[in-house]
Amino acid sequence: MSVAVVTDSTSDLSPALCARYGVTSVPLYVLFDGKMHKDGLEITPEALFTGLKAGKKTPSTSQPSPAEFTEVYARALETADHVLSIHISGQLSGTVGSARLAAQEFGDRVTVVDTRTVSMGLGLRVIRAAQRLQEGKAVPEIVAELDRLAGLGSIRFTVETLEFLKLNGRVGGGAALLGGLLNIKPILVVRDGRVESGGRARGQKKAIQDIVDATRKYIEGHGRCRLAFVRTDGGQANVDELRAGLAGLDFEDMGDHAFGTVIATHAGPGTYGVVMEPLNA
């Protein structure tokens, strides 16, 4: 049985990676400067940050419509027997809900998975699913593995400034001001499908060390892992330090990946972190 893999743009998979693994990515939307832009196609994080610095209104984001998924599924099923559609946590976006509504039109020919994660946490699941299909695994077997990974994978990251979290209602203005004055870096984690506090660090060096220490502990607990390093513009030097701090550990390096515009809208420039996933689940 031939299976087509579909995801959404919050996977932060590059066009090259989507092409390599035969994945179709459905874009979310960023409403900015009076226009609705397709994530990854019509707007970049750099253009967003430049516009905000120039005083433009804070953007908002929205999921694709069920009709857009219907179109993608119908096209995929012209050549494939089945569609495996893998998406951002339903607690962070309505995207998986749109996908499920669309899937109802195709009976049992479309399987929708809520990964309970985001960014390259989602991206690594999509890559794994594509690889398992190449190995000849059946869809129910792959879905069961993705479900197990939902409780095992981890993302740990920090932001350069609390300002963007404040703009998007994630922290209050007082907390953002105090954090800026004290050079406090919030440590954030994706847990059970939500973004939650993982602690805080005083200054960039301690934030990097926190993420390095947590990643080391994760690898010690789970054995050989896959790691993906994520960032927005301005975060590359810190990603290099993270990788240097993890030298010698047993992991498969899945490379550096830029956050797409939807994720960058909430995180801001200078964000960086590590996505962790055990090789065996």
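For Arg100, the side chain to side chain contact (heavy atoms under 4.5 Å, CB included) partners at least two apart in sequence or on another chain are Val96, Val112, Asp114. With sequence neighbours excluded, the residues forming a side chain to side chain contact (heavy atoms under 4.5 Å, CB included) with Asn238 are Gln204, Ile208, Glu241, Tyr272, listed by chain and number. Ala76 pairs by the side chain to side chain contact (heavy atoms under 4.5 Å, CB included) definition with Ala4, Val83, not counting sequence neighbours.
Taken together through direct or relayed side-chain contacts under 4.5 Å among Ile, Leu, Val, Met, Phe, Trp and Tyr, Val26 and Val5 form parts of separate hydrophobic clusters.
Judged purely by atom type and a 3.5 angstrom limit, Glu68 uses its side chain to pair as donor or acceptor with the backbone of Ser65. Of the possible donor and acceptor atoms, one in the side chain of Thr232 sits under 3.5 Å from a partner among the backbone N and O of Gly270. No donor-acceptor pair under 3.5 Å is formed between the side chain of Thr24 and the backbone N or O of Val6. Using a distance-only test at 3.5 Å, with no hydrogens or angles considered, a donor-acceptor pair links the side chain of Thr271 to the main chain of Ala267. Proximity of a side-chain donor or acceptor of Arg148 to a complementary backbone N or O of Asn280 within less than 3.5 Å is not detected.
Contact check on Lys35 versus Glu42 returns no salt bridge, with no Lys/Arg side-chain nitrogen under 4.0 Å from an Asp/Glu carboxylate oxygen. Classification of Arg216 and Glu220 as a salt-bridged pair fails, no side-chain N sitting under 4.0 Å from a carboxylate O.
Ring geometry for His37 versus Phe32: interplanar angle of 30 to 60°, hence tilted.
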